[in-house]
Amino acid sequence: MEAMEDRKQAILTVDRARLVEIALHLRDEEKFDMLADLTAVDWPKREKRFDVVLNLYSFAKNERLRLKVWAADAEEVPSVVSVWPTANWQEREVFDMSELFFLDTRI
């Protein structure tokens, strides 16, 4: 949906429905093997008021990547626990702070 660079760090905003698919690609093909942080930013005047932000790191490339998805109130966000298990605690923390629900999409 959107790509930019800020202070030599790539920032990708992706469609919420494709988050897990893109996360798997980034982990397996682009070698972003560490989820350093998962958080949310609240923009209360926007229709899709939340930015869910995943900060990724590649040990192989020594690069960082910020991955974002937009979500409205009561919109579920796909869980990335199946991609990076450390997301479990971080998604719970985001829920506690913003009441955003993460939907487990594993089959």
Side-chain angles (χ1 to χ4, degrees):
M1 293 175 47
E2 183 177 274
M4 61 182 289
E5 186 175 19
D6 184 25
R7 295 179 205 117
K8 298 182 182 179
Q9 181 180 14
I11 303 168
L12 298 176
T13 303
V14 300
D15 182 43
R16 201 171 32 86
R18 297 191 62 204
L19 176 60
V20 174
E21 171 192 351
I22 292 168
L24 282 168
H25 174 79
L26 290 171
R27 183 194 68 188
D28 297 341
E29 303 301 323
E30 302 299 327
K31 305 302 181 209
F32 283 94
D33 37 15
M34 184 174 114
L35 173 65
D37 187 39
L38 188 153
T39 191
V41 180
D42 187 0
W43 302 94
K45 294 183 180 179
R46 249 183 18 195
E47 179 185 343
K48 298 233 180 215
R49 68 183 277 187
F50 294 104
D51 285 352
V52 177
V53 182
L54 295 83
N55 291 305
L56 310 177
Y57 181 72
S58 168
F59 286 99
K61 299 177 182 181
N62 189 27
E63 290 180 10
R64 296 182 186 280
L65 172 68
R66 184 174 306 150
L67 187 62
K68 297 193 314 186
V69 296
W70 298 328
D73 270 338
E75 248 182 347
E76 292 178 333
V77 177
S79 173
V80 293
V81 170
S82 63
V83 182
W84 297 288
T86 58
N88 189 325
W89 181 85
Q90 296 173 0
E91 290 175 356
R92 292 171 192 241
E93 184 178 52
V94 168
F95 170 78
D96 287 343
M97 300 299 287
S98 65
E99 295 191 8
L100 275 172
F101 286 94
F102 288 86
L103 177 64
D104 188 352
T105 56
R106 288 178 285 183
I107 297 172

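Bear in mind that the values here come from a model prediction, so they are computed numbers and not experimental data.
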Residues in salt bridge (Lys or Arg N to Asp or Glu O under 4.0 Å) contact with R18, at least two apart in sequence or another chain: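 Salt bridge (Lys or Arg N to Asp or Glu O under 4.0 Å) list for R18, sorted by chain: E21.
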Partner residues of E30 under the salt bridge (Lys or Arg N to Asp or Glu O under 4.0 Å) criterion, sequence neighbours left out: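 Residues passing salt bridge (Lys or Arg N to Asp or Glu O under 4.0 Å) with E30: K61.
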Single hit among E63, R27, R64 for side chain to side chain contact (heavy atoms under 4.5 Å, CB included) with F32: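 Considering E63, R27, R64, a side chain to side chain contact (heavy atoms under 4.5 Å, CB included) with F32 is found only for E63.
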Flag if over 12 foreign heavy atoms under 6.0 Å of CD, E47: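 Not buried by this count: 12 neighbours or fewer within 6.0 Å.
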May I ask whether [X] and [Y] are part of the same hydrophobic cluster, defined by side-chain heavy atoms of I, L, V, M, F, W, Y residues being less than 4.5 angstrom apart, directly or through others?
| X | Y | result |
| --- | --- | --- |
| V69 | W43 | no |
| V41 | F50 | no |
| L12 | M34 | no |
| F101 | L19 | no |

If every non-hydrogen atom of [X] is compared with every non-hydrogen atom of [Y], which pair is closest and at what distance?
| X | Y | result |
| --- | --- | --- |
| K31 | S58 | O-OG, 2.9 Å |
| V83 | A23 | CG1-O, 3.8 Å |
| V20 | S82 | CG1-OG, 4.4 Å |
| L100 | A71 | CD2-CB, 4.0 Å |
| A87 | V81 | C-CG2, 3.9 Å |

Those residues that, when tested against D42, pass side chain to side chain donor-acceptor pair (under 3.5 Å) (two or more places apart):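 If we apply the side chain to side chain donor-acceptor pair (under 3.5 Å) test to D42, skipping adjacent residues, the hits are R49.
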Side-chain H-bond candidate by donor/acceptor type, Y57 with N62, under 3.5 Å: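 Yes, N62 and Y57 have a side-chain donor paired with an acceptor closer than 3.5 Å.
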Between atom [atom1] of [X] and atom [atom2] of [Y], what is the distance when rounded to the nearest 0.5 Å?
| X | Y | atom1 | atom2 | value |
| --- | --- | --- | --- | --- |
| R66 | T13 | CZ | OG1 | 10.0 Å |
| D33 | D28 | CG | CG | 10.0 Å |
| L38 | E93 | CG | CD | 9.5 Å |
| K68 | N55 | NZ | CG | 10.5 Å |

Any side-chain heavy atom of [X] sitting closer than 4.5 Å to one from [Y]?
| X | Y | result |
| --- | --- | --- |
| R16 | L103 | no |
| L67 | V53 | no |
| L54 | W84 | yes |
| V52 | F102 | yes |

Side-chain ion pair, K48 and E75, N-O less than 4.0 Å: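 Yes, K48 and E75 are salt-bridged.
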Pair D51 + R46, salt bridge at N-O below 4.0 Å: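 Salt bridge: yes.
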Step-by-step side chain to side chain contact (heavy atoms under 4.5 Å, CB included) determination, E2 to I11: CA-CA 8 Å; E2 183 177 274; I11 303 168; over 6 Å; no
From CA spacing to verdict: side chain to side chain contact (heavy atoms under 4.5 Å, CB included), L35, L56: CA-CA 5 Å; L35 173 65; L56 310 177; 3.6 Å; yes
